[in-house]
Structures are given as C-alpha cells and as structure tokens.
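Count residues from 1 along the sequence.
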Amino acid sequence: MAEMAAGYVGEKHVEDFLERIGKAYPQPRVVESPRRKFWYKDDLDRAMNIALSSSKRPGELQAKMAERRAMRRARAKA
C-alpha cells in the first residue's frame, strides 16, 4: 500500500510519494479502491534503477555484506 511503498523508496511522507506518482514512481499495479492501491516491489526497484543491478548478480550483495562485517570485526579487535 502507499504507506509501505513510500517507506520502501525512502520518502518521509506518504503525501510526497503520492505527488511523485507518474513522475518518479510508477502507477500502482493493483487498484482495489481509491484508498487501496498496491505497488509491486519490482516496479519500485525499476523506478529507482536498482532492479537490474541486483538481479544480474544475486550473490554480489551477500558478498559485499560479508566483506563489511569482516572489516567491522577486524576494527573491533584492533
């Protein structure tokens, strides 16, 4: 729903998210009523240009996270 979609894309206010629909963000994929609209994560990812980078290299994100964890542990031991 709009509240979750706004939070997912990093908008502080739902109203700001709704103002950018059709410009920066896609139209909702499912509209049950004027108040119940649903956006798909894939559509929002595509709007933020992160869908292609994450889908092409699925293990890259996990590797990056493991690398950062190892760096933090090394700093904590020092």
Side-chain angles (χ1 to χ4, degrees):
M1 292 180 47
E3 295 82 12
M4 290 184 77
Y8 181 75
V9 298
E11 294 288 348
K12 291 183 179 180
H13 305 284
V14 177
E15 294 79 15
D16 294 338
F17 172 75
L18 293 173
E19 286 177 9
R20 292 182 178 98
I21 297 299
K23 300 169 191 156
Y25 305 121
Q27 295 292 331
R29 180 129 15 139
V30 177
V31 178
E32 290 183 357
S33 73
R35 299 197 80 198
R36 288 184 53 88
K37 300 174 184 179
F38 298 89
W39 285 261
Y40 282 22
K41 180 180 176 284
D42 294 343
D43 296 341
L44 297 172
D45 285 348
R46 215 172 295 113
M48 296 185 304
N49 294 322
I50 61 173
L52 294 177
S53 63
S54 63
S55 66
K56 285 185 179 178
R57 300 171 295 237
E60 187 173 324
L61 179 61
Q62 289 83 1
K64 189 75 151 178
M65 289 172 61
E67 179 183 327
R68 287 187 180 180
R69 265 189 246 118
M71 289 174 57
R72 275 189 246 127
R73 287 184 191 133
R75 275 187 266 155
K77 288 180 182 179

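Closest of all the heavy-atom pairs between I21 and P26 is CD1-O, 3.6 Å. The nearest pair of heavy atoms linking Q27 to G22 is NE2-CA, 3.7 Å. Of all heavy-atom pairs spanning A47 and Y25, the tightest one is CB-CA, 4.3 Å. Of all non-hydrogen atoms in A6 and F17, the two that sit nearest each other are CB-CB, 3.6 Å.
Every side-chain contact (heavy atoms from CB on, under 4.5 Å) that R36 has, sequence neighbours left out, goes to M1, E32, S33, F38. Residues passing the side-chain hydrogen bond (donor to acceptor under 3.5 Å, both in side chains) test with D43 are R29, R46, sequence neighbours excluded.
Distance CG/L44 to CH2/W39: 8.5 Å, rounded to 0.5 Å. Taking CD of E15 as the start and CZ of R20 as the end, the distance is 11.5 Å to the nearest 0.5 Å.
Crowding of Y40 atom OH: a count of heavy atoms from other residues, nucleotides or ligands under 6.0 Å not exceeding 12.
Clustering ILVMFWY residues whenever any of their side-chain heavy atoms sit less than 4.5 angstrom apart, transitively, puts V14 in the very cluster that holds M48.
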